[in-house]
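Data first, discussion second: the structure below is written as structure tokens.
Predicted model, so just to flag it, every value in this text is computed and none were measured. Just so you know, ligand 1 is whichever comes first in the structure, and atom 1 is the first atom listed for that ligand.
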Amino acid sequence: MLSKFLYVGCVLTASLSAAQSVPPVVVPQAGVSAQSFDMSQVSLSNSRWSDNQGRTLNYLKFVDVERLLYNFRANHKLSVKGATPNGGWDAPDFPFRTHAQGHYLTAWVHCYATLRDSLCRDRATYFVAELAKCQANNAAAGFNTGYLSGFPESEFSALEARTLSNGNVPYYAVHKTMAGLLDAWRIMGDTKARDVVLGMAGWVDGRTEKLSTTQMQQMLGTEFGGMNDVLANIYQLTGDKRWLTVAQRFDHAAVFDPLAANQDRVNGLHANTQVPKWIGAAREYQATGNQRYLDIARNAWAITVNAHSYAIGGNSQAEHFHAPNAIAQYLTNDTAEQCNTYNMLKLTRELWTMDPSTANYFDFYERALINHLLGAQNPADSHGHITYFTPLNPSGHRGIGPAWGGGTWSTDYNSFWCCQGTALETNTKLMDSIYFYDSSTLWVNLFTPSILNWSQRGVTVTQTTSFPLNDTTTLRVTGSGDWAMRIRIPAWTTGAEIKINGQEAEGVEIKSGTYAQLSRAWKSGDTVTVKLPMKLRAVPANDNPNVAAVAYGPVVLSGNYGSSMLSAVPSLALDSLRRTSTSSLSFTATANGKAVNLGPFYEANGFNYNVYWATSGSNKTGGFKKAENSQKAEGTGLPCGCVSAWSSSLVYH
Ligand SMILES: *[C@@H]1O[C@H](CO)[C@@H](O)[C@H](O)[C@H]1NC(C)=O
Ligand SMILES: *[C@@H]1O[C@H](CO)[C@@H](O)[C@H](O)[C@H]1NC(C)=O
Ligand SMILES: *[C@@H]1O[C@H](CO)[C@@H](O)[C@H](O)[C@H]1NC(C)=O
Ligand SMILES: *[C@@H]1O[C@H](CO)[C@@H](O)[C@H](O)[C@H]1NC(C)=O
């Protein structure tokens with residue numbers, strides 16, 4: 001851990017101005033044994049991943065910063081400088097306007113951190129400086145010191161008195177601004193951002209210290225984002241226990257107590273209100289070493305992943321959790337809110353760094369990133385707009401729907417939904433969880449074309465692959481030294497192979513659902529080839545083994561129904577699935593007695609798709625079938641990617 005921050009502290013200094021110095025974490029992080037790389041150390045090579053990043057960066061550089069400042073300035077009684085007000089969830093009369101801006105700030109910071117892009121840096125720096133002016137004008141605006149938001153502070157008085165009536169979630173919005181400022185401080189070293197966020201933290205302390213425990217817990221009944229997370233982070237950067245005390249005021253007993261006892265009582269709760277609290281619990285464990293926090297975070301993760309998630313890794317229907325395992329009953333056009341998965345991935349990553357020998361954390365990360373988040377961005381839009389929900393109803397569709405529902409794409413200035421904000425972060429940090437390290441180990445968690453500059457060791461690792469279109473990835477090492485490479489062998493594969501410089505890796509245990517460890521004196525040019533054979537597998541709904549999604553390796557497949565509408569889940573003959581191409585993940589099958597083409601769900605755009613099927617001709621108890629023969633897939637000459645390839649283990653349920 002220490003080496004990371006020493007590295008960040010000295011190497012970046014050269015490119016940071018006087019007002020920029022990256023703060024070290026001064027409170028030891030309990031339980032953390034794998035470190036993340038600084039974003040500047042990993043870059044994406046050309047792929048769908050970097051394409052997503054590029055589209056989001058286009059938007060981040062295009063968007064009018066003055067418009068994003070409008071509500072802050074108006075609320076803090078400063079000139080709006082002639083800017084046009086935004087629409088959607090940033091309209092001047094929208095209750096929690098300015099909730100999105102913290103995500104823009106974080107995304108500009110990501111852009112600078114990974115690419116050293118000066119336009120992104122200047123936007124972030126300017127935004128922070130303008131927010132500081134708003135906060136500095138509080139006396140004139142009639143607000144308490146430190147307050148910063150696009151809506152009046154009186155909303156907090158109403159929140160505390162439980163008389164809020166306009167659907168506002170004021171701490172939820174303020175948390176996001178604080179998180180953006182925190183990132184500008186801790187990643188970019190912006191000391192003005194530090195001062196503004198510490199001012200806000202002081203304001204939160206002032207408001208909450210006056211409340212009784214009962215009043216505070218009642219107030220936590222209103223969505224408050226990750227207030228415990230951001231304040232615990234501030235404690236870790238400052239060492240000032242005051243911020244830990246304020247963080248812990250946001251421990252929501254009604255949600256935390258059952259989770260500490262590993263009870264699934266999330267039915268009926270607004271899903272995305274909960275996940276940030278769990279991330280906060282993980283952070284509070286790191287800050288305190290109190291095991292109860294870790295239990296809460298781990299149990300919440302397992303409950304959500306195992307009993308409340310669809311095959312694509314998303315959770316929630318109409319933004320809510322339902323009864324445990326209720327999946328097939330809720331295949332609607334408002335499934336899988338994107339924010340929830342953004343937050344689940346943050347939680348997954350945190351938990352994994354405290355338990356890096358457990359491979360299923362990144363099995364889930366991969367599943368949700370590929371099948372939910374990647375495809376929630378519109379590849380045909382140069383600004384990379386996104387969907388709020390990912391509809392899983394029969395003949396679902398991305399790109400249509402009511403004003404903010406279904407699969408509608410976001411817009412430049414008239415949506416500003418929660419999921420638009422979180423997607424800006426998702427698509428500017430696609431490199432941040434591929435590799436991790438400690439003093440003697442490099443973990444390879446994701447198979448994403450990228451270049452890692454492990455400068456602490458003078459080593460570069462270049463990962464080349466078109467995964468998941470191809471099952472093989474190549475890792476070429478430049479530089480030398482004794483260390484171990486630990487490669488995640490996903491639970492969905494069988495028969496994985498690892499070669500070093502073309503030779504089978506000797507004495508290496510390669511087991512699905514674990515890490516394979518290559519310990520070695522590395523030499524420049526050493527090349528590791530990892531083959532992760534993919535097979536068709538069914539992912540049955542927990543509540544109905546006869547309803548299942550189908551996946552090929554990590555990739556959930558969907559049927560292309562063109563403009564046809566389906567009135568019910570179609571019946572798919574599992575035995576009829578055939579791969580039809582060697583170069584793409586194209587399949588064909590018989591469903592409802594007719595031929596249907598299937599392909600990766602993350603690419604299902606511009607047509608009605610289908611993800612869950614009533615499975616027939618298959619093993620009803622397990623949703624899979626093993627082949628008796630070894631047919632060739634029709635017309636491809638490929639070893640059969642069909643019946644014989646049905647997996648004999650169900651990975652996620
Ligand atoms: C989503 O489903 C609801 C209820 O079935 C329906 O009223 C609404 O029009 C649907 N929206 C879209 C975009 O299909
Ligand atoms: C890796 O990063 C270090 C520190 O920033 C830099 O000096 C070095 O040139 C980088 N190496 C490569 C291959 O980019
Ligand atoms: C997959 O990648 C490997 C290694 O780069 C290559 O040899 C193989 O031909 C590729 N397979 C397909 C189907 O593209
Ligand atoms: C279905 O799969 C299960 C689990 O492997 C097996 O025990 C059972 O015999 C299979 N049933 C049929 C009808 O093939």
Q) Are any of the protein's heavy atoms under 4.0 angstrom from atom 11 (N) of ligand 3, yes or no? A) yes

Q.
Under 4.0 Å from a heavy atom of Asn470: which atoms of ligand 3 are those, numbered in the order shown and with their elements?
A. 1 (C), 2 (O), 3 (C), 8 (C), 10 (C), 11 (N), 12 (C), 14 (O)

Q | Minimal non-hydrogen separation, Ala376 against Thr390, with atom names | A | CB-OG1, 4.4 Å

Q) Do we get Arg123 above Tyr59's six-membered ring, with its NZ or CZ under 6.0 Å from the centre and within 45° of the axis? A) no

Q.
Would Arg349 and Trp352 count as a cation-pi pair here, with the cationic atom under 6.0 angstrom from the ring centre and within 45° of the axis?
A. no

**Q.** Those atoms of ligand 3 less than 4.0 Å from some heavy atom in Thr582
**A.** 13 (C)

(Q) Closer than 4.0 Å and a protein heavy atom, does any atom meet both conditions relative to atom 7 (O) of ligand 3? (A) no

Q. Is there any N or O on Thr460 that sits under 3.5 Å from an N or O of ligand 2?
A. no

Q | Minimum-distance protein heavy atom relative to atom 4 (C) of ligand 3 | A | Thr472 CG2, 4.0 Å

Q) Out of curiosity, Tyr435 OH to Leu446 CG, how far, rounded to the nearest 0.5 Å? A) 9.0 Å

Q.
Taking the six-membered ring of Tyr112 as reference, does the cationic atom of Arg116 (NZ for Lys, CZ for Arg) lie under 6.0 Å from its centre and within 45° of its axis?
A. yes

